Amino acid sequence: MARRKIVAGNWKMNMTPSQAVELCATLKDLVVSDEVDVVYCVPAIDIIPVVEAVKGTNVAVGAENMYFEAKGAYTGEISAEMLVDAGVKYVIIGHSERRDYFKECDCLLNKKVKKALEAGLVPILCCGESLEQREMGVTMDWIRLQIKSDLVGVTADQVKGMVIAYEPIWAIGTGKTATTEQAEEVCKGIRECIAEMYDTDTAEAVRIQYGGSVSASNAAELFAQPNIDGGLVGGASLKADFGKIVNYK
Ligand code: 13P
């Protein structure tokens, strides 16, 4: 069975709650699609107004992060249960900005992935290499290590429902998109890694996105690749262009 495409915006630390509601109104008619799952991953403070603003539309809401504990003395953190109760369906885990700036390691990310799944959220698990790693020729080794570590103890059935986002760090926010061949090569490699870890059925079911300077002009070519099931979009998700990316065909 063909995998359904999924295009998610990662708003990062942009949009105040009132700007968020405005953006939802701007995008409402532009992101309508029967063929593609559409997700807005938004800052925690925007979750409640955005859930309200997209009610009755084809848009689902995602969080950009969460903590793995259920509750308690973790000042500043947000639990999976809180996200679910607020109407969130997806959660980005292990974005390179969280790995780099907030020192999130694979051991922590593994706990987050398991907790998200247990709570009924769909994790969008991010992986990706630095420019130095690409130049050293260790891209696939690095990504396989990330995937294997982050999925320890996760079952095949759980992986089938997940989303994995390949985001080369050097392509994020730089306007320097990976070539279609580079993006497809790594997404294919991720699928092969999942097949080795689990089985072919699981590898064929999991959705793998490409992220890194996805735009209205490169989305069609990227998303046409056999192993690329959509995109995780940063900058271009904050403007009307996002509608063109969703309706890339
Ligand atoms: P840009 O689309 O701005 O390059 O960001 C990609 C990204 O990090 C999405 O998670």
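Both counts, for ligands and for their atoms, begin at 1 and track the order of listing. One-based numbering along the sequence shown. Just so you know, these numbers come straight off a predicted model, no measurement behind them.
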Carefully, step by step, assess Q158 and V113 under the rule side chain to side chain contact (heavy atoms under 4.5 Å, CB included).
CA-CA 10 Å; Q158 288 175 319; V113 168; over 6 Å; no
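- Among G234, G173, C41, the residue whose heavy atom sits closest to atom 4 (O) of ligand 1 is G173.
- Closest protein heavy atom to atom 7 (C) of ligand 1: E167 OE2, 3.1 Å.
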Can W170 and E132 be said to form a side-chain hydrogen bond (donor to acceptor under 3.5 Å, both in side chains), step by step?
CA-CA 9 Å; W170 47 272; E132 292 74 14; over 6 Å; no
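- Of all the atoms in ligand 1, the ones that sit under 4.0 Å from a non-hydrogen atom of G212 are 4 (O), 6 (C).
- Residue contact annotation: A236 has no non-hydrogen atom under 4.0 Å from ligand 1.
- Taking every non-hydrogen atom of H95 and a distance limit under 4.0 Å, the qualifying atoms of ligand 1 come out as 7 (C), 8 (O), 9 (C), 10 (O).
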Could you tabulate the donor-acceptor pairs under 3.5 Å formed by side-chain atoms of residues 24-52, not counting sequence neighbours?
{"unit_1": "T26", "atom_1": "OG1", "unit_2": "E22", "atom_2": "O", "d": "3.0"}
{"unit_1": "S33", "atom_1": "OG", "unit_2": "E35", "atom_2": "N", "d": "3.1"}
{"unit_1": "S33", "atom_1": "OG", "unit_2": "V36", "atom_2": "N", "d": "3.0"}
{"unit_1": "E35", "atom_1": "OE1", "unit_2": "K249", "atom_2": "NZ", "d": "2.8"}
{"unit_1": "D37", "atom_1": "OD1", "unit_2": "R4", "atom_2": "NE", "d": "2.6"}
{"unit_1": "D37", "atom_1": "OD1", "unit_2": "R4", "atom_2": "NH2", "d": "3.2"}
{"unit_1": "D37", "atom_1": "OD2", "unit_2": "R207", "atom_2": "NH1", "d": "2.9"}
{"unit_1": "D37", "atom_1": "OD2", "unit_2": "R207", "atom_2": "NH2", "d": "3.3"}
{"unit_1": "E52", "atom_1": "OE1", "unit_2": "K55", "atom_2": "NZ", "d": "3.0"}

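- The nearest protein atom to atom 3 (O) of ligand 1, hydrogens excluded, is given as G235 N, 2.8 Å; this is a heavy-atom distance.
- Closest to atom 5 (O) of ligand 1, if we only count protein heavy atoms, is K12 NZ, 3.3 Å.
- Not a single heavy atom of G175 sits under 4.0 Å from any atom of ligand 1.
- Using a 4.0 Å cut-off between a side-chain N of Lys or Arg and a carboxylate O of Asp or Glu, D106 and R99 qualify as a salt bridge.
- Interface atoms of ligand 1 facing S213, defined by a heavy-atom separation under 4.0 Å, are 1 (P), 2 (O), 4 (O).
- Atom numbering of ligand 1 starts at 1 in the shown order; those under 4.0 Å from a heavy atom of A171 are 4 (O).
- Taking distance alone, with nitrogen or oxygen atoms compared against 3.5 Å, E97 stays at or beyond that limit from ligand 1.
- For residues 67-82, the set of pairs meeting the side chain to side chain donor-acceptor pair (under 3.5 Å) definition, not counting sequence neighbours, comprises E81-K115.
- Inter-residue side-chain proximity for T174 and S213 is flagged as met; some heavy-atom pair is nearer than 4.5 Å.
- The part of N10 lying near ligand 1 is the side chain, judged by heavy-atom distances below 4.0 Å.
- To the nearest 0.5 angstrom, D199 atom CG is 10.5 Å from E204 atom CD.
- Between I147 atom CD1 and M197 atom CE the span is 8.0 Å, to the nearest 0.5 Å.
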